[in-house]
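Fair warning: this is a prediction, and the values are worked out from it, not measured in the lab.
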Amino acid sequence: LMITRLIGDEVTGKRTLFIECLYSFQRVLDKEWDEDIVVIKEFAKTNKCNYISTYSQIPRVYEIVEKLGFRERFRCFYTEV
């Protein structure tokens, strides 16, 4: 299950396919992720996106996206009030 958003940056003119949520009811093999990213990239191209992005706090996701060629762009920080 995947929920995405198409985000347009009005300043740069770039478009991003943002993966908001991704859930699997069972463990997905790396081979399946390799096949899935092809479909995701085609969807992004069809929608004239320059990038695909997502975020997570789950170490397994870090492993998956790194294997798929994603790079870390920034880190998010927070504090309690």
Side-chain angles (χ1 to χ4, degrees):
L1 174 65
M2 183 186 320
I3 298 172
T4 63
R5 282 191 292 156
L6 296 171
I7 301 171
D9 185 322
E10 294 178 14
V11 175
T12 65
K14 303 289 184 180
R15 291 176 52 86
T16 300
L17 173 63
F18 182 72
I19 301 172
E20 184 77 41
C21 175
L22 185 63
Y23 182 79
S24 176
F25 295 96
Q26 55 189 330
R27 187 169 177 92
V28 177
L29 301 174
D30 288 346
K31 179 183 175 187
E32 292 178 69
W33 286 119
D34 292 339
E35 295 167 358
D36 292 344
I37 194 64
V38 172
V39 175
I40 295 166
K41 284 182 176 182
E42 281 302 316
F43 180 80
K45 286 179 187 177
T46 298
N47 286 280
K48 299 182 170 83
C49 293
N50 304 91
Y51 307 103
I52 299 169
S53 70
T54 191
Y55 63 85
S56 180
Q57 59 187 20
I58 301 170
R60 173 68 178 137
V61 174
Y62 304 163
E63 294 172 19
I64 293 168
V65 296
E66 189 173 274
K67 286 179 184 177
L68 294 176
F70 285 67
R71 297 182 312 269
E72 185 175 327
R73 183 173 171 203
F74 61 86
R75 294 184 184 210
C76 179
F77 302 93
Y78 73 96
T79 186
E80 294 181 16
V81 291

Can you tell me how far CD1 of I3 sits from CD1 of I19, rounded to the nearest 0.5 angstrom? 12.0 Å
Look up atom CG in L1 and atom OH in Y23, then write down how far apart they are to the nearest 0.5 Å. 9.5 Å
Stepwise, does the side-chain contact (heavy atoms from CB on, under 4.5 Å) test hold for C49 with L6? CA-CA 8 Å; C49 293; L6 296 171; 3.6 Å; yes
Would you say Y55 and E20 make side-chain contact, with heavy atoms under 4.5 Å? yes
Show your working on side-chain contact (heavy atoms from CB on, under 4.5 Å) between I52 and F70 and close with a plain yes or no. CA-CA 9 Å; I52 299 169; F70 285 67; 3.9 Å; yes
Looking only at atom types and distance, does a side-chain atom of S56 sit under 3.5 Å from a main-chain N or O of I58, one as donor and one as acceptor? yes
Could you check I40 against L17 for side-chain contact (heavy atoms from CB on, under 4.5 Å), going step by step and ending with a plain yes or no? CA-CA 9 Å; I40 295 166; L17 173 63; 3.9 Å; yes
Can you measure from OG (S24) to CE (M2) and round to the nearest 0.5 angstrom? 11.0 Å
Other residues, nucleotides, ligands: >12 heavy atoms within 6.0 Å of E66 CD: no
For R60 versus D30, what's the shortest heavy-atom pair and its separation? NH2-OD1, 3.2 Å
Inter-residue atom distance R15.CZ - D9.CG, 0.5 Å rounding: 11.5 Å
Would D34 and L68 count as a side-chain contact (heavy atoms from CB on, under 4.5 Å) here? Give the steps. CA-CA 7 Å; D34 292 339; L68 294 176; 3.5 Å; yes
Within 6.0 angstrom of R73 CZ, more than 12 heavy atoms from elsewhere: no
Verify same cluster id: W33, F18 (apolar side-chain graph, 4.5 Å): no
